[in-house]
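Inspection log for the structure reproduced underneath, given as structure tokens.
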Amino acid sequence: MIPYGRQQISEDDISAVVSVLRSDFLTQGPAVARFEEAIAARCGIADAVAVNSATSALHIACMALGLGPGDRLWTVPNTFVASANCGRYCGATVDFVEIDPATYNMDTVSLEKKLIEAEQNGTLPRIVIPVHFGGQSCDMQRIAELARRFKFSVIEDASHAIGGSYLDKPVGCCEFSDITVFSFHPVKIITTGEGGAAVTADANLAQSMRELRTHGITRDPSRMERNSEGGWYYEQHGLGYNYRMTDISAALGESQLTRLDGFLERRRALAARYDTILAGSPVKLPGRIEGASSSWHLYVVRVPADVGGGRAKVYERMRAAGIGVNVHYIAVHLQPYYLALGFGPGDFPASELYSEEALTLPLHAGLTDEQQDTVVHALLEATH
Ligand SMILES: *Cc1c(COP(=O)(O)O)cnc(C)c1O
């Protein structure tokens, strides 16, 4: 099976991990701090907080921004469930904003309309989480304008988008948001096994997230409420979690990050090659956003119902041909958990239609031209 995504592990990655295993620290040692510095430098930002997953990063980002019961968090239906679940962890109400049918990112016209209605009803969100779908930035300039006007915080879910840019600035610079979150799951652009990071330009948010990832505990003398009783002393100021990243993971991430540009180059070349070879085929190719340069986590085509008997049939045929196609994403509001919270079919028609037609083709830095030709051949067979 040619997988839709796959990690790239080099001998240098393996050596980096082995050297941690031979060192004094397996967790909370120097590798995490080095990886955080490298991520922050890549984003051109002061602070990166590394954690054990992007899901954890989203959770502590919401907590640091003060999300709680009675608050509202909005995201899009076209995402992994974690972008919505983080609101539920905090006891907030989750709602969704329709996607743009051309880019599959949050539609800013729908967002503005929903905000105007919410202002009248007294139901404005405290946090909005745009998702940079497939690695391509949302219209962050517009979202930031709306954030100022309607006074909500913004967390960019950039799980797909490390290495991408927007208006010539790196995704993660946080010029248009409070916090940006990355995932280092093995199918993403770079990996730490499991892992994630939250980056921010706000030192207070960074400090708050650092405490939340480790039980709400601080060891910083300037933050103590009581006098230190000795070298062992620490204080717990809030209810945090154990969301720490291990040094083993961080060393892998640090090593992977040195190859990020090469990964991006290969992904971009493969995406451009799909564009060229599939031009004129019966599937709809991914749309481009002006000013955004995608990191190409995903290459998603749309299979309309009248092509090849529809997406499900095309999926089955391609799987049978050894092509690991996938679907990103099943609309989150139609998951049984969210249906039970009151959402239903028809709530977000553009997201639902997209979700019925989407098919993710294999795309990763290790995919060869020959494998890509095999994918294209199978797709043309399956859709004709
Ligand atoms: C992968 C992903 C996440 C969750 O990442 P983990 O590191 O697996 O927790 C969240 N949001 C989006 C959009 C993702 O693709």
Side-chain angles (χ1 to χ4, degrees), residues 3-7 32 35 39 48-63 73-90 94 96-97 99 103-106 127-138 140 154-164 171-172 177 179-199 209 212-213 241-246 249-250 252-253 256-257 267 286 294-300 326-333 335 337-338 351 354-355 358 360 363-364:
Y4 86 84
R6 190 185 195 282
Q7 71 278 10
V32 169
F35 183 47
I39 292 282
V49 180
V51 287
N52 59 357
S53 71
T55 304
S56 302
L58 287 164
H59 184 191
I60 60 173
C62 287
M63 287 181 78
L73 176 146
W74 293 0
T75 187
V76 279
N78 183 32
T79 186
F80 185 55
V81 292
S83 323
N85 290 349
C86 56
R88 300 293 300 146
Y89 295 156
C90 296
V94 168
F96 300 92
V97 180
I99 61 166
T103 65
Y104 322 143
N105 275 340
M106 184 177 281
I127 296 178
V128 173
I129 305 189
V131 178
H132 302 323
F133 182 74
Q136 184 163 236
S137 176
C138 296
M140 291 310 301
V154 178
I155 302 172
E156 296 174 66
D157 185 343
S159 291
H160 300 181
I162 195 162
V171 168
S177 65
I179 297 170
T180 301
V181 165
F182 298 117
S183 172
F184 309 125
H185 180 278
V187 295
K188 307 290 164 74
I189 311 277
I190 62 167
T191 190
T192 59
E194 293 277 2
V199 298
M209 291 192 290
L212 289 165
R213 82 169 155 188
Y241 297 84
N242 178 354
Y243 282 169
R244 291 187 301 267
M245 176 178 277
T246 67
S249 293
L252 176 56
Q256 288 257 306
L257 194 57
R267 285 176 175 276
S294 181
S295 53
W296 287 106
H297 167 51
L298 299 174
Y299 192 93
V300 177
N326 215 316
V327 171
H328 299 92
Y329 286 96
I330 301 164
V332 175
H333 70 286
Q335 291 289 351
Y337 174 80
Y338 284 96
S351 298
Y354 162 81
S355 180
T360 304
L363 177 63
H364 56 85

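Start at 1 with the first residue, then count along the sequence. Order of listing sets the numbers, starting from 1, for every ligand and every atom in it. All values derive from a computational prediction rather than experimental measurement.
At least one heavy atom of Tyr329 sits less than 4.0 Å from an atom of ligand 1. In this structure, Gly195 counts as a contact residue of ligand 1, since one of its heavy atoms falls inside 4.0 Å of the ligand. At least one heavy atom of Ser83 sits closer than 4.0 Å to an atom of ligand 1.
For the pair Thr79 and ligand 1, the shortest N or O to N or O distance does not fall below 3.5 Å. Looking at Ala82 next to ligand 1, no N or O pair under 3.5 Å apart turns up.
Taking Glu194 as the reference, His185 meet the side-chain contact (heavy atoms from CB on, under 4.5 Å) condition, with sequence neighbours excluded.
The ring of His59 has its center closer than 6.0 angstrom to the ring center of Tyr243. Aromatic ring centroids of Tyr338 and Phe96 lie under 6.0 Å apart.
If you number the atoms of ligand 1 from 1 as listed, the ones under 4.0 Å from a heavy atom of Ala54 come out as 4 (C), 5 (O), 6 (P), 7 (O), 9 (O). For ligand 1 and Ser183, the ligand atoms under 4.0 Å from any heavy atom of the residue are 1 (C), 5 (O), 6 (P), 7 (O).
In the model, Glu156 has a side-chain atom that pairs as donor or acceptor with a side-chain atom of Ser177 under 3.5 Å.
Summarising the contacts of atom 1 (C) of ligand 1 with His328, His185, Lys188, the nearest heavy atom is found in Lys188. Taking each of His297, His160, His132 in turn, the one with a heavy atom nearest to atom 15 (O) of ligand 1 proves to be His160.
Side-chain atoms of Tyr4 and Leu363, non-hydrogen and from C-beta on, never get closer than 4.5 Å to each other.
Atom OG1 of residue Thr79 and atom CZ of residue Phe133 lie 8.5 Å apart, to the nearest 0.5 angstrom. Considering OH of Tyr89 and CG of Leu58, their distance stands at 9.0 Å, rounded to 0.5 Å.
Of all protein heavy atoms, the one lying nearest to atom 11 (N) of ligand 1 is Asp157 OD2, 2.8 Å. In terms of protein heavy-atom proximity, atom 9 (O) of ligand 1 is nearest to Thr55 OG1, 2.5 Å. Closest to atom 10 (C) of ligand 1 among all protein heavy atoms lies Ser159 OG, 3.4 Å.
Applying side chain to side chain contact (heavy atoms under 4.5 Å, CB included) to Asp157 and the options Val131, Thr75, Ile179 leaves one that passes, Val131.
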